[in-house]
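Before any comments, here is the structure.
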Amino acid sequence: MDLPEIFSALSDDAKAVGAGWFGMMEPGRCSGLHFSMQMYRPTTRSQAALDELEKARLVDRHPGSGGAISYVPLHSMRPLLVWMWERQDDPALNFQMVERINGEPPEGPAGHMTLAAD
């Protein structure tokens, strides 16, 4: 799939994070990703991808109280969903996106995922 020009310079990690966290969000509609940074945070790898999306002006970062961080999509990332679907079996793109701050294993069944972190 040929991606729109706006995504062409992104790393595969940034594309994967864009698809996973922002692919179904519509810019301008109360959509966003929020980390209270109390229990969960982005992993180093997913934080680097978020930073890349911010630098490319695809998301806007909003610091909050107590160290919280929110990310709001500035452009539709729906094309990245198709890109990701085509690569769903690529082990290089199967990586942990959040980690517990205290280092304990996540609660709930294995494979459990949520878009809301704490």
Side-chain angles (χ1 to χ4, degrees):
M1 167 192 188
D2 291 331
L3 286 172
E5 180 77 21
I6 196 165
F7 304 117
S8 64
L10 293 177
S11 68
D12 284 355
D13 282 2
K15 290 173 189 170
V17 166
W21 276 335
F22 303 104
M24 296 296 291
M25 294 184 189
E26 293 189 34
R29 296 189 174 243
C30 300
S31 296
L33 174 67
H34 178 78
F35 291 98
S36 67
M37 305 302 271
Q38 300 298 313
M39 188 177 293
Y40 293 96
R41 66 179 167 221
T43 60
T44 301
R45 186 172 176 178
S46 61
Q47 183 62 61
L50 286 167
D51 293 344
E52 185 178 343
L53 292 170
E54 180 187 13
K55 185 176 179 181
R57 298 184 182 191
L58 295 171
V59 298
D60 198 13
R61 182 180 185 273
H62 299 278
S65 62
I69 302 170
S70 296
Y71 295 89
V72 177
L74 300 175
H75 297 277
S76 173
M77 295 196 210
R78 198 161 295 229
L80 295 176
L81 287 174
V82 176
W83 179 90
M84 191 66 213
W85 178 260
E86 293 172 348
R87 290 155 182 82
Q88 63 183 316
D89 295 324
D90 184 346
L93 296 175
N94 182 12
F95 59 92
Q96 184 175 341
M97 293 172 63
V98 296
E99 62 189 2
R100 286 185 63 110
I101 290 175
N102 65 6
E104 294 177 16
E107 297 172 8
H112 178 75
M113 185 201 154
T114 180
L115 291 178
D118 23 299

Return the minimal non-hydrogen interatomic distance between [X] and [Y], and the atom names on each side.
| X | Y | answer |
| --- | --- | --- |
| Asp90 | Ala92 | OD1-N, 2.9 Å |
| Gly32 | Met25 | O-CE, 3.2 Å |
| Met37 | Pro42 | SD-CD, 4.1 Å |

**OP:** May I have the step-by-step check of side chain to side chain contact (heavy atoms under 4.5 Å, CB included) for Met77 and Val59, ending in yes or no?
**Re:** CA-CA 10 Å; Met77 295 196 210; Val59 298; 3.4 Å; yes

Original post:
For atom CD of Glu5, is the number of surrounding heavy atoms from other residues, nucleotides or ligands below 6.0 Å larger than 12?
Top reply: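 No, CD of Glu5 has 12 or fewer neighbouring heavy atoms, counting only those of other groups under 6.0 Å.
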
I'd like to know if [Y] and [X] are part of one continuous hydrophobic network [Ile/Leu/Val/Met/Phe/Trp/Tyr, side-chain heavy atoms within less than 4.5 Å].
| X | Y | answer |
| --- | --- | --- |
| Leu93 | Val98 | yes |
| Trp85 | Trp83 | no |
| Leu3 | Leu74 | no |
| Phe7 | Met24 | no |
| Leu33 | Leu81 | no |

Subject >> Stepwise side chain to side chain contact (heavy atoms under 4.5 Å, CB included) check, Trp21 with Leu80 >> reply: CA-CA 10 Å; Trp21 276 335; Leu80 295 176; over 6 Å; no

**OP:** Please tell me if the side chains of Gln38 and Ile101 come closer than 4.5 Å, counting only heavy atoms from C-beta onward.
**Re:**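 No, every pair of side-chain atoms sits at 4.5 Å or beyond.
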
Original post:
Rounded to the nearest 0.5 Å, how far does CD of Glu99 lie from CZ of Arg41?
Top reply: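 Arg41 CZ to Glu99 CD: 4.5 Å, rounded to 0.5 Å.
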
Original post:
Listed by chain and number, what are the side-chain contact (heavy atoms from CB on, under 4.5 Å) partners of Ser76, not counting sequence neighbours?
Top reply: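 So Ser76 forms a side-chain contact (heavy atoms from CB on, under 4.5 Å) with Pro27, Arg78, Pro79.
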
Cut-off 3.5 Å, no hydrogens considered: what does the side-chain donor-acceptor table look like for residues 47-58, sequence neighbours left out?
residue, atom, partner, partner atom, Å
Gln47, NE2, Asp51, OD1, 2.9
Gln47, NE2, Tyr71, OH, 3.0
Glu52, OE1, Ser11, OG, 2.7
Glu52, OE2, Ser11, N, 2.7
Glu52, OE2, Ser11, OG, 3.4

Original post:
With Asp60, which residues qualify under side-chain hydrogen bond (donor to acceptor under 3.5 Å, both in side chains), at least two apart?
Top reply: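 For Asp60, the residues satisfying side-chain hydrogen bond (donor to acceptor under 3.5 Å, both in side chains) (neighbours in sequence not counted) are His62.
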
